Amino acid sequence: MPMHVRDAMSAVVLTIGPAHTLRQAARLMSARRVGSAIVLDPDTSGLGILTERDILNSLGEGQDPDQETAHAHTTADVVFAAPGWTLDEAARTMTRGGFRHLIVLDAGDPVGVVSVRDIIRCWAPAPEPVPA
């Protein structure tokens with residue numbers, strides 16, 4: 001029986017605004033132990049995503065994380081997943097698009113994020129403990 005996005009996704013959804021600095025975003029992502037944040041822009045009514053890689057790229061370019069905003073580094077052309085997608089569908093979509101996170105929408109509302117790590121965790125469960 002195939003597993004679905006709802007089985008793998010993280011329901012811990014971190015949402016931030018477009019004016020958050022990259023340092024603020026990184027601090028929140030670290031505290032929640034997540035690799036991405038959904039950026040809600042009330043002016044555009046749009047959803048974007050800011051990932052660890054976006055922050056790393058900014059730092060690598062020598063940009064100041066206290067000055068750079070989430071808005072400037074958000075991926076706005078986001079591909080969304082549905083909870084009922086199979087993990088195969090999600091993995092193919094990520095591979096085709098070259099990204100590692102999908103925002104999961106249910107009836108137009110963000111209900112989770114699924115990452116490559118989440119999918120791998122489902123496909124390769126932890127090994128059985130070795131008896132003592």
Side-chain angles (χ1 to χ4, degrees):
M1 173 178 242
M3 293 192 76
H4 295 90
V5 165
R6 76 174 59 83
D7 303 318
M9 71 181 197
S10 170
V12 177
V13 178
L14 172 61
T15 58
I16 62 173
H20 276 79
T21 67
L22 293 187
R23 184 177 308 279
Q24 290 169 325
R27 199 173 279 136
L28 291 167
M29 289 164 65
S30 178
R32 296 265 182 100
R33 300 179 52 85
V34 295
S36 63
I38 296 174
V39 181
L40 295 172
D41 191 339
D43 294 334
T44 65
S45 300
L47 292 177
I49 191 164
L50 179 74
T51 67
E52 306 166 300
R53 182 161 302 195
D54 297 324
I55 295 170
L56 184 65
N57 287 341
S58 175
L59 292 173
E61 292 172 13
Q63 297 174 339
D64 183 348
D66 294 311
Q67 298 299 315
E68 293 296 314
T69 63
H71 173 76
H73 298 277
T74 297
T75 301
D77 58 341
V78 179
V79 176
F80 300 101
W85 280 19
T86 66
L87 294 186
D88 285 340
E89 288 174 291
R92 275 195 303 276
T93 299
M94 289 178 187
T95 301
R96 228 181 356 259
F99 43 81
R100 300 179 301 156
H101 297 85
L102 288 169
I103 297 174
V104 183
L105 295 183
D106 190 11
D109 294 320
V111 294
V113 175
V114 66
S115 70
V116 170
R117 180 177 291 149
D118 296 327
I119 293 171
I120 290 170
R121 210 174 286 134
C122 288
W123 282 346
E128 297 285 325
V130 177

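All values reported here derive from a predicted model rather than from experimental measurement. Values reported hereafter were calculated over all heavy atoms of this structure, with side chains retained and with hydrogens, waters and symmetry mates removed.
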Spacing of L56 atom CG and E61 atom CD [to the nearest 0.5 Å]: 10.0 Å
Nearest heavy atoms of G17 and A70, plus distance in Å: O-CB, 3.8 Å
Least distance between heavy atoms, V111 atom then P83 atom: CG2-CG, 4.4 Å
Under 3.5 Å donor-acceptor, T95 side chain and A91 backbone: yes
Minimum heavy-atom distance V5-A82, with the two atoms named: CB-O, 3.6 Å
Steps toward side chain to side chain contact (heavy atoms under 4.5 Å, CB included) verdict (S115, H101): CA-CA 4 Å; S115 70; H101 297 85; 3.8 Å; yes
side-chain contact (heavy atoms from CB on, under 4.5 Å) partner of L47, the single match among L40, V78, T15, V39: L40
Partner of R53 under side-chain contact (heavy atoms from CB on, under 4.5 Å), chosen from N57, I55, L50: N57
Separation of Q24 CD from I16 CD1 (nearest 0.5 Å): 8.5 Å
Inter-residue atom distance S10.OG - R33.CZ, 0.5 Å rounding: 11.5 Å
Residues, nucleotides or ligands: over 12 heavy atoms within 6.0 Å of H71 NE2: no
Rounded distance [0.5 Å steps], OG1 in T21 versus NE2 in H73: 10.5 Å
Side-chain heavy atoms of H20 within contact of L28, under 4.5 Å: yes
Distance in Å, T86 OG1 paired with M3 CE, rounded so as to fall on 0.5 Å steps: 11.5 Å
Heavy-atom closest contact (W85 atom, F80 atom, distance): CH2-O, 3.3 Å
Minimum heavy-atom distance between V13 and I38, given as atom pair plus value: CG1-CD1, 3.2 Å
Atom of V116, atom of M94 and distance for their closest heavy-atom approach: CG2-SD, 3.5 Å
Contacts of T75 that satisfy side chain to side chain contact (heavy atoms under 4.5 Å, CB included) - sequence neighbours left out: I49, D54, D77
Identified side-chain contact (heavy atoms from CB on, under 4.5 Å) counterpart of M9 within the set V114, L102, D118: V114
Contact check, side chains of D88 and P2, non-hydrogen atoms, under 4.5 Å: no
H4 NE2 to E89 CD distance, which is reported to the nearest 0.5 Å: 7.5 Å
